[in-house]
Amino acid sequence: NENIIVQDKENTVYEKVDSKVSINELDEPTEKQLTEEINRYRRLIQSETFDEADNAAKSAIELAIQIFGTESKEFARALINLGILQNATGQYETAAQNFNSAIEIIESIDDRLNLSLVEPLKGLGKSQLEIGNFNQAKKTFNKAAHITHVNEGPHNLIQMEILESIVETDFRMGNIKDVRNILERINILNLKKFEENSIALLPALKKHADWQNRLGYFRDERETYKRIIKIIELNYDKNSKLLIDPLIKMGKSFYFIDRTVIENERGMLTGEMYFKRAIRIAEKTDDISDREYINTKLTLADCYIYEGLIGRARAIYANIWRYLSTSDERLLLRNEYLSEPVQIIEARPLPRYASNLSDKNIKPDETATGTINVSYNVSARGRVQNVKTEASPKEFFEMKQIVQREIRNRVYRPKIINGKPVATNALTFEHTFLYNLTDLEDIRKN
């Protein structure tokens, strides 16, 4: 098929390549063809076949223009589909343009408070968020939420995804207090929605716990997991396989210091009891895979490594080694889990920018990329040793210190050979960051 170029009155160009819909120049396109192409687009999006989905989305735009014109809801719908795809593939600037065009069309046909605006506003907000226009993204999401309030009331459930997007935006902006307030609002809406069905509430509670972890409110996170565990116990039993994941998450929360706890209240808390209970359930469960079983066993061994109880950790690692040495399939898992050091606690993000640079003031011709290169060893006890760090440019000493401190504080599951933890040398890590060229000049002058 030849490439077909379609241009609307805004001079936006859409290119369709290798369309699956046959459009004969002598035949008028039909609504059936448009429906088929939209359905094809949806199937391709669900299967994450993005290149073909792009063709389907652009083909739908072409058909919508020919059948309904550029001042139609059908054309707006086609633009929204393309914008969703572009967000999924990281084309945020172009996606924002298409969402804006769809919003303008809908507002001109209906009004500025029509519910059909919610989807393109959500897409536009996501584009703005990923571009780094945080303030604009928050305004867009708030507008979408306001439209749902006007049409469905302040306690409507349509707004849930929008509120979660506002939480993400506030989190990236550093508005932690606002994040916590909106999370509580989401939680109240979920409790109202699922008051008659506690099992259906579980995904929302797990998402709530994930946010509490990101915010550093680990006591709150543990309270949420206690509730999750209680719901599972009441609706299934106390040895349900469904308990394994929340028990592990509960145990891992004890690795962190809660931001809400003052220094003299902090005790020697450990997740050991939760890891042990997860293992007992895994050992009683018939339909558990080797991967699930070993993941559960490793959490307790890793906990002992973290706490410096090396003898206990060695015994579990040796047991796991023997278990994974009994078949070819298990040998693959042994290599995956034990052949290299594995960081026990997920690393917190390192700074993306040096000095006063941020998402808001990146100018490609005035910025450059720097690197921090680190080499280090991991001992048989899982501790980092012999850290050597180099910065390029060397003047960014503060960034070098931040990265070096992060590496020193890491705790690893050591490499296991013949069931025994061993040291690993010459590991490397590289962190890249952006900096203003003028900042580098100022540092050199001083």
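Sequence positions, counted from 1, serve as the residue numbers for this chain.
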Test log, rule side chain to side chain contact (heavy atoms under 4.5 Å, CB included), inputs V374 and Q404: CA-CA 7 Å; V374 186; Q404 183 170 288; 6.0 Å; no
Sub-4.5 Å side-chain heavy-atom contact between [X] and [Y]:
X    : Y    : result
I162 : V118 : yes
F275 : T296 : no
T285 : Y293 : no
L215 : V179 : yes

Y217 six-ring centre to R222 NZ/CZ under 6.0 Å and within 45° of normal: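 The answer is no, since R222 fails at least one limit relative to Y217.
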Are [X] and [Y] close enough for a salt bridge, meaning some N to O gap below 4.0 Å?
X    : Y    : value
E52  : R43  : no
K249 : E221 : no
D170 : K177 : no
E406 : R410 : yes
K32  : E37  : no
K297 : E283 : yes
D210 : K206 : no
R172 : E168 : yes
E119 : K122 : no

More than 12 heavy atoms from other groups under 6.0 Å of [atom1] on [X]:
X    : atom1 : result
K252 : NZ    : no
E346 : CD    : no
E233 : CD    : yes
D286 : CG    : no
H155 : NE2   : no
E398 : CD    : no
D51  : CG    : no
Q385 : CD    : yes

Are the side chain of [X] and the backbone of [Y] linked by a donor-acceptor contact shorter than 3.5 Å?
X    : Y    : value
N319 : A315 : no
E195 : N190 : no
D237 : S240 : yes

Chi angles and distances behind the side-chain hydrogen bond (donor to acceptor under 3.5 Å, both in side chains) call for T270, E307: CA-CA 9 Å; T270 174; E307 294 174 1; 2.4 Å; yes
Verdict with supporting geometry, N55 and Y41, side-chain hydrogen bond (donor to acceptor under 3.5 Å, both in side chains): CA-CA 8 Å; N55 290 337; Y41 159 83; over 6 Å; no
Those residues that, when tested against K241, pass side-chain hydrogen bond (donor to acceptor under 3.5 Å, both in side chains) (two or more places apart):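 Here the qualifying residues are E292.
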Can you name the nearest heavy-atom pair linking [X] to [Y], along with the distance?
X    : Y    : value
G370 : Y435 : N-CE2, 3.6 Å
Y323 : I294 : CD2-CD1, 3.6 Å
I84  : F99  : N-CZ, 3.4 Å

Residue pair F171, W211: steps toward the ring-ring contact (aromatic ring centres under 6.0 Å, His included) verdict: CA-CA 10 Å; F171 181 74; W211 264 112; 5.4 Å; yes
Rounded to the nearest 0.5 Å, how far apart are [atom1] of [X] and [atom2] of [Y]?
X    : Y    : atom1 : atom2 : result
I344 : I305 : CD1   : CD1   : 6.0 Å
F397 : E395 : CZ    : CD    : 12.5 Å
L205 : I228 : CG    : CD1   : 5.0 Å
H149 : I158 : NE2   : CD1   : 10.0 Å
K238 : I229 : NZ    : CD1   : 11.5 Å
M160 : S165 : CE    : OG    : 12.0 Å

Report yes or no: do [X] and [Y] form a side-chain donor-acceptor pair below 3.5 Å?
X    : Y    : answer
S325 : R334 : yes
N295 : Y337 : yes
Q212 : T224 : yes
E272 : Y304 : yes
Q86  : N98  : yes
S198 : N235 : yes
Y376 : N425 : no
E93  : S127 : no
S379 : R383 : no
N81  : R77  : yes
Q91  : T89  : yes
Y317 : D302 : yes

Candidate pair Y412 and V384, rule side chain to side chain contact (heavy atoms under 4.5 Å, CB included), full reasoning: CA-CA 8 Å; Y412 284 85; V384 173; 3.8 Å; yes
side-chain hydrogen bond (donor to acceptor under 3.5 Å, both in side chains) assessment of T367 paired with N436: CA-CA 5 Å; T367 60; N436 269 324; 5.8 Å; no
Derivation of the side chain to side chain contact (heavy atoms under 4.5 Å, CB included) call for L338 and K415: CA-CA 6 Å; L338 305 178; K415 180 178 180 178; over 6 Å; no
Working for ring-ring contact (aromatic ring centres under 6.0 Å, His included), residues F396 and F433: CA-CA 10 Å; F396 286 101; F433 61 95; 5.5 Å; yes
Criterion side chain to side chain contact (heavy atoms under 4.5 Å, CB included) on L183 and H208, from CA distance to verdict: CA-CA 7 Å; L183 281 176; H208 193 66; 3.9 Å; yes
